[in-house]
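Below is one structure; the comments refer to it alone.
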Number of protein chains: 2
Amino acid sequence: MDITKKNSQNIKEILRDQISRQLLLPLQKIPSERELSELFSLTRISVKSALHSLEVEGLIYRENRRGWFVSPPRIEYNPLSRGHFHQMISDQQRVAKTLLLNVKSMVAPSAIATTLKLSKPTPIHIIERLRYIDGRAVLFVENCLISQYFPDILSEDLSQSLTELYAKKYGFRNSCSHFDFIPTSAPEHVIHALNMHPGQQVLKICRVNYNQHNNIIDCEFEYWRPDAVMVSINNRE
Amino acid sequence: MDITKKNSQNIKEILRDQISRQLLLPLQKIPSERELSELFSLTRISVKSALHSLEVEGLIYRENRRGWFVSPPRIEYNPLSRGHFHQMISDQQRVAKTLLLNVKSMVAPSAIATTLKLSKPTPIHIIERLRYIDGRAVLFVENCLISQYFPDILSEDLSQSLTELYAKKYGFRNSCSHFDFIPTSAPEHVIHALNMHPGQQVLKICRVNYNQHNNIIDCEFEYWRPDAVMVSINNRE
DNA sequence: TTCACTTACTGGACTAGTCCAACAAAAGAA
DNA sequence: TTCTTTTGTTGGACTAGTCCAGTAAGTGAA
C-alpha cells in the first residue's frame, strides 16, 4: 500500500532536511521516539533504527535517557599542534570548558606500562578531565604522567593546558609524539562521563609524548564523541 | 528468574571470550542470528543489538545478508608514509590485493572542486579502487586527479601504487599533504563495493596532495571498514 | 528560600512473531 | 564441462506491544 518501500528512509530524509535547512538547530532536542513513531506511523524500533543511522552519520547524537539532539558542526582538530585546546576551540568561534574529574597516583597498570614502554614498576599520576564545547561534554581525556618527571604537579591548576604547564614548570619541550586513532567503543567510566550509553562509538586517540631528551614522559588517552570532531593534519615532507 | 539483569550482556561476554581465546578465528563466521537467539533464549532483535555493539567495538563485522564474522587484528596505517599500500600490508604479515573498479573522466563536480581549490571548471580523472586485506574488502579508494598534470595516465596499470607512478612517469614528489579523518557513514557506491549496509560506519580519510612546486595535483577519498584499521602517526617537531 | 518527594517522560531492554531480498549451494539442463 | 534454476539460509525491515531505569520538572513541607 505504501509508496515507499522503506518507511524509515522517510523519517531519515525529513530529519536530514530539517537539520540542513536549520529548522532544527544544533544542540536542539529532537521529538521523542514515541512522538516520532506516532508521526510517521512506525514502531519505536523502526524509529530508533533510523535515528541510529543518523547518529552514525554524525548528524544527531544521544544523551543517555535524555533524548536525541542535533549535532553542532564538527570541530577541526589538529593533534600535531599540541595542547592548546581552549585556543583551538575559540579559534573556531566555539566555547570551550575543561572540568577536572579525578586525579590518582598509582603504579602503572600493565596496559599503561606497555604504552609508556616501562620495564619495571613505575609510579604514575593519572589525571582525568572532561572537556566541553558549547556546553556539551564531547571529550574525555586521561593523562598518564610518569611521576618522577613531574614533582609536585598535583598542586597546580590541572584544568589548564598541561603542555604549557610542562613547559613552564619543568622546561619540557615536546620533541616527538606518537598517535593512534582508533574507532571503537568506550570503557565504562568514559561512557558515564560523556553521558553516553554502553556500546556507543567513540574516536579513541592515544598519544605518547617524548621530551627534548627523547624520554617518554607521559601518554594521553582521548575519547571523542564521534560526531563532534574531524581530525585534520598537515604534513610537510 | 534470571541471574543477570541484561541477558544480551551474556552473549557479548561469551563471544568476546571465544574470540580472545581464539575459539572463533579471524574471518570465521559467527552462528546466525536465529541460531544465537535459540542458544541464548533471546529474540533476534536482542541478539542483533548485542552483535551491533560488538561491531562498534571492532571485534566483529557484517557482510550484507551474508552473516557476521570475526574481525582480524587492525592494520596499523601510517598515512604520512605515502602510497605503498601493498608494502605496508605485507610488512604486517598480511596479504594485500587491489582491484580497479572504475575510471571516469569529467569536469570536477563542486564538492571535489572545493577540495582541490579549483576556481574554474577543470577536467579530472576519477579512479575508483577496492583494496583487500587477507581476501577481505576493507578499503574503497577514490582518487581524483587533475587531468592536465597526468597526460596519458589512463593507459597505465592503475592497480599499482599511484604515488610511485606519479614519481616515475611525471617526476612528481609529494611535498605536502593535508588529511582529514572523519568517522561517518559511507555513500551508496562505497557501501555496495565494501559489501556493507546503508547506515554502517566507516572511517573516511580525505587527503589533498601537493607536488614539489606546491601545486595541488590530486585528492583522495578513502573509506575504511572501521574495524580493519587504526591510524598511526609519528610526529617529529 | 531550600530541600526532599512525587510524577510524567525519556530512552533501554525485551518478547514473539511476519514478510522480504539477497546470497549460496545443490540440482538439472545444455 | 558450463550455465541456469531451484531451494534453503541469511540478515533487513517491520508490527504491537510490555516493563524498567534514569532524568527533569513540578509540588509541598521545613
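Just so we're on the same page: letters track the sequence lines, and every chain starts at 1.
- Between the NZ atom of A/K29 and the P atom of D/dT23 there is a distance of 14 Å, rounded to whole Å.
- A/I112 and A/C219 get closest at one heavy-atom pair: CG2-SG, 4.4 Å.
- In this structure, A/R66 does not reach the C/dG11 phosphate: none of its side-chain N or O atoms is under 4.0 Å from OP1 or OP2.
- Within residues 184-194 of chain A, no residue is approached by DNA chain C to less than 4.0 Å at the level of any non-hydrogen atom.
- Every residue two or more places apart in sequence or in another chain was checked for a side chain to side chain donor-acceptor pair (under 3.5 Å) with A/S20, and none qualifies.
- In this structure, A/N195 places its CG atom 12 Å from C1' of C/dG11, rounding to the nearest Å.
- Between the C1' atom of D/dG8 and the CZ atom of B/R65 lies a distance of 16 Å, rounded to the nearest Å.
- For B/R62, the salt bridge (charged side-chain N to carboxylate O under 4.0 Å, His left out) partners at least two apart in sequence or on another chain are B/E55.
- Using a 4.0 Å cut-off on heavy atoms, the residues of residues 51-64 of chain B that approach DNA chain D are B/R62, B/N64, listed by number.
- Residues satisfying the salt bridge (charged side-chain N to carboxylate O under 4.0 Å, His left out) test with B/E156, not counting sequence neighbours, are B/K169.
- Scored by the side-chain contact (heavy atoms from CB on, under 4.5 Å) test, B/K48 finds B/E33, B/R44, B/H52 as partners (sequence neighbours excluded).
- A cation-pi arrangement is absent between B/R129 and B/F85 under the rule of less than 6.0 angstrom and at most 45 degrees off the ring axis.
- For the OP1/OP2 pair of D/dG22 and a distance below 4.0 Å, the side-chain nitrogens and oxygens of A/H197 include no atom meeting the criterion.
- The salt bridge (charged side-chain N to carboxylate O under 4.0 Å, His left out) test applied to B/D134 returns B/R94, not counting sequence neighbours.
- Within the structure, every pair that satisfies the side chain to side chain donor-acceptor pair (under 3.5 Å) test and touches residues 187-196 of chain A, not counting sequence neighbours, is listed here: A/E63-A/N195, A/E142-A/H189.
- Listed in residue order, the members of residues 31-50 of chain A having a heavy atom less than 4.0 Å from DNA chain C are A/S32, A/E33, A/R34, A/E35, A/R44, A/I45, A/K48.
- Partners of A/T115 according to the side chain to side chain donor-acceptor pair (under 3.5 Å) rule, which considers only residues two or more places apart in sequence or in another chain, do not exist here.
- The side chain to side chain donor-acceptor pair (under 3.5 Å) check on A/Q92 picks up nothing, with sequence neighbours excluded.
- Partners of A/E222 under the salt bridge (charged side-chain N to carboxylate O under 4.0 Å, His left out) rule, at least two apart in sequence or in another chain, do not exist in this structure.
- Atom CD of A/Q200 and atom P of C/dA13 are 10 Å apart (whole Å).
- Between A/I30 atom CD1 and C/dC9 atom C1' there is a gap of 17 Å when expressed in whole angstrom units.
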